[in-house]
Amino acid sequence: MLFLWLYMFYSCAGSCAGLAAPPLLPLLPGEPSEESSLEEQRAAPDAGSPISSFFNSSGTKRLPQAIIIGVKKGGTRALLEFLRVHPDVRAVGAEPHFFDRNYERGLAWYRELMPRTLEGQITMEKTPSYFVTKEAPARISSMCKGTKLIVVVRDPVTRAISDYTQTLSKKPDIPTFESLTFKNRTTGLIDTSWSAIQIGIYAKHLENWLLHFPIGQILFVSGERLISDPAGELGRVQDFLGLKRIITDKHFYFNKTGNLLLFCCTILSFPWEMSSGLGLRSQWG
Ligand SMILES: *[C@@H]1O[C@H](CO)[C@@H](O)[C@H](O)[C@H]1NC(C)=O
Ligand SMILES: *[C@@H]1O[C@H](CO)[C@@H](O)[C@H](O)[C@H]1NC(C)=O
Ligand SMILES: *[C@@H]1O[C@H](CO)[C@@H](O)[C@H](O)[C@H]1NC(C)=O
């Protein structure tokens with residue numbers, strides 16, 4: 001009933017700005033995250049950046065106006081953490097997985113997960129699996145047609161390798177990358193049903209989104225440029241979100257020590273792992 005009412009309210013209002021939050025509802029899902037536990041520790045729910053945690057209990061919980069919808073291992077965690085440096089961005093730390101695994105819990109449950117925001121601040125979340133979830137575009141559109149979507153993409157081959165090495169670190173006995181990739185080594189036929197390959201067929205997933213959102217409402221962020229030129233890429237994202245360009249060159253510096261490229265901003269520090277043959281991959285997705 002509450003859900004229906006909220007649903008109608010948001011559908012009719014066509015806006016993601018919200019009412020005062022309803023009474024407390026069941027909290028975070030217990031589902032395992034696709035990310036490492038290290039990442040979860042770094043980004044506990046409601047853990048704000050030092051700047052944004054200044055806005056402690058004042059403000060209102062609102063449904064997100066912008067969502068990082070993908071892709072897994074693209075650099076979504078880095079992007080979200082950098083964005084949280086911005087005083088006008090407030091974001092959920094953990095991945096809510098609302099539009100894929102928890103949709104039946106309803107929008108009121110979803111909004112309860114959100115941090116409080118003041119007028120003019122943007123509420124965000126990231127769940128990389130939304131991009132490959134067939135139902136997600138219609139569901140997000142029915143929450144709010146105007147939701148801004150961000151996709152961090154990367155060379156699909158390095159993405160697949162990064163995906164595979166993450167799985168391998170948890171399950172060391174899985175078959176080799178090559179045997180999972182190729183249906184037939186002689187003909188070079190690729191197994192596109194394997195998730196590591198399947199996620200990287202960006203155009204196929206994008207078709208689903210374009211049935212519900214105009215292309216101008218989707219920003220594609222380059223996972224590679226997020227490493228080589230973070231300030232430039234963050235500039236594009238801030239423009240897209242209608243934010244003042246507050247995150248700039250000053251927030252980043254590079255520190256190359258041996259194989260490890262440290263990629264830092266004034267508040268957070270992201271080590272990126274460089275290993276020849278595998279290219280550059282982030283440890284935090
Ligand atoms: C929230 O922040 C304000 C201003 O800094 C402070 O006065 C207030 O006590 C804080 N509330 C809580 C619950 O921490
Ligand atoms: C791989 O393709 C070759 C050439 O078409 C064929 O002869 C062979 O039987 C295939 N191998 C498998 C395992 O399907
Ligand atoms: C670069 O990283 C190394 C290793 O973490 C550290 O010891 C050094 O102080 C850093 N240099 C700068 C300029 O941050």
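Just follow the structure's listing: the first ligand is 1, and inside any ligand the first atom is 1.
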Any side-chain heavy-atom pair of Val221 and Leu234 under 4.5 Å: no

Sidechain-backbone polar pair: Glu125 side chain, Ile67 backbone, donor-acceptor under 3.5 Å: no

Any donor-acceptor pair under 3.5 Å from Thr176 side chain to Ser179 backbone: yes

Residue contacts for ligand 2, heavy atom to ligand atom, distance under 4.0 Å: Asn184, Thr187

Pair Leu168-Ile174, side chain to side chain contact (heavy atoms under 4.5 Å, CB included): steps then yes or no: CA-CA 7 Å; Leu168 188 68; Ile174 56 169; 3.6 Å; yes

Cationic N near anionic O, under 4.0 Å, Glu119 to Arg62: yes

Salt-bridge present (Lys72, Asp163; N to O < 4.0 Å): yes

